[in-house]
Amino acid sequence: MPLLKFHLYEGKSPEQIQTILDVAHDVMVEAFEIHYRDRYQMVHEHKKYQMIMQDTGLGFERTDDFLLIHVFSRKRTQAQITTFYHNLARDLQRKCHIQPHDVMVSIASNEDEDWSFGEGRAQFLTGEL
């Protein structure tokens with residue numbers, strides 16, 4: 001936890017996708033101060049007609065490199081979140097050549113009781129985590 005869902009257009013190679021996942025994870029470990037093995041990621045590839053992502057009037061010209069990352073996480077501080085946004089856009093541009101205007105992030109916060117990592121227990125509530 002956090003759980004990340006990546007939505008992108010079809011066409012990237014497995015290596016490109018793996019680099020995107022690695023970059024996002026490294027940035028999250030640093031910004032959210034989580035354990036390195038706290039890694040839960042899913043990729044959803046879409047045909048162009050299945051995903052319309054505009055810019056809410058900001059004037060961005062989206063490209064085929066557009067990436068939406070939906071993050072499900074325990075509550076984080078404003079500083080952690082803004083650091084995550086900034087470093088993610090920076091590192092995706094540097095390492096994956098994805099322009100910052102093609103990176104959209106949505107974070108949904110939840111509580112400790114909303115997570116079970118297995119064994120039918122809520123590990124945040126039992127003290128295991």
Side-chain angles (χ1 to χ4, degrees):
M1 188 309 283
L3 167 65
L4 281 71
K5 292 184 178 184
F6 296 78
H7 296 273
L8 50 108
Y9 294 117
E10 289 180 327
K12 296 213 178 302
S13 71
E15 295 79 18
Q16 288 172 309
I17 291 172
Q18 187 63 56
T19 301
I20 291 168
L21 298 178
D22 291 345
V23 165
H25 183 65
D26 290 345
V27 169
M28 180 156 287
V29 166
E30 181 181 337
F32 287 8
E33 300 171 0
I34 61 172
H35 191 279
Y36 192 76
R37 286 189 47 91
D38 199 352
R39 187 171 183 169
Y40 302 92
Q41 300 173 315
M42 296 185 301
V43 174
H44 303 274
E45 294 183 272
H46 303 275
K47 296 178 184 336
K48 282 287 283 189
Y49 68 86
Q50 293 176 317
M51 188 168 73
I52 299 171
M53 294 289 154
Q54 294 183 332
D55 64 356
T56 314
L58 294 170
F60 303 149
E61 291 297 323
R62 306 287 196 192
T63 73
D64 289 347
D65 284 332
F66 177 80
L67 174 63
L68 167 63
I69 304 173
H70 193 180
V71 179
F72 298 89
S73 175
R74 299 165 89 186
K75 185 76 175 154
R76 303 294 170 174
T77 68
Q78 185 175 358
Q80 287 175 315
I81 291 169
T82 56
T83 297
F84 176 69
Y85 292 156
H86 176 269
N87 293 351
L88 180 67
R90 179 198 66 205
D91 290 358
L92 286 171
Q93 183 176 25
R94 286 181 184 169
K95 298 176 182 177
C96 304
H97 309 290
I98 298 174
Q99 297 304 308
H101 63 264
D102 274 331
V103 179
M104 181 176 169
V105 180
S106 173
I107 298 178
S109 296
N110 51 37
E111 303 298 326
D112 289 352
E113 63 266 17
D114 298 320
W115 294 94
S116 171
F117 295 92
E119 303 292 331
R121 294 190 302 273
Q123 286 85 356
F124 286 128
L125 299 180
T126 64
E128 295 169 81
L129 289 175

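Computation of the quantities below employed the complete heavy-atom set of this structure, encompassing side-chain atoms and omitting hydrogens, waters and symmetry-equivalent molecules. Residue numbers run from 1 in the order of the sequence given.
- At least one cation-pi condition fails for Arg76 and Phe84: the charged atom is not both under 6.0 angstrom from the six-membered ring centre and inside a 45 degree cone around its axis.
- With His25 as the fixed residue, the ring-ring contact (aromatic ring centres under 6.0 Å, His included) test singles out one of Phe32, Phe6, Tyr36: Tyr36.
- With sequence neighbours excluded, the residues that form a side chain to side chain donor-acceptor pair (under 3.5 Å) with Ser13 are Glu15, Gln16.
- Judged as a side chain to side chain donor-acceptor pair (under 3.5 Å), and not counting sequence neighbours, Thr83 has no contacts.
- Defined by atom type and a distance below 3.5 Å, a donor-acceptor pair is missing between the side-chain atoms of His70 and His7.
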Pairs of donor and acceptor atoms involving the side chains of residues 87-95, under 3.5 Å and at least two apart or interchain, shall be tabulated with distances.
{"residue": "Asn87", "atom": "OD1", "partner": "Arg90", "partner atom": "NH1", "Å": "3.2"}
{"residue": "Gln93", "atom": "NE2", "partner": "Gln99", "partner atom": "OE1", "Å": "2.9"}

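- Using a 4.5 Å heavy-atom threshold, the side chains of Phe124 and Met1 count as touching.
- Counting heavy-atom neighbours within 6.0 Å of Glu10 CD, excluding the residue itself, gives a total above 12.
- Counting heavy atoms from C-beta outward, Leu8 and Glu45 have side chains that approach closer than 4.5 Å.
- For an aromatic pair to be called close, the ring centres must be under 6.0 Å apart, and Phe60 with Phe66 fails this.
- Ion pairing between a basic and an acidic side chain is recognised when a charged N comes within 4.0 Å of a carboxylate O; Asp65 and Lys12 show such pairing.
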Going through the checks in order, is the salt bridge (charged side-chain N to carboxylate O under 4.0 Å, His left out) test met by Asp55 and Arg62?
-> CA-CA 8 Å; Asp55 64 356; Arg62 306 287 196 192; over 6 Å; no
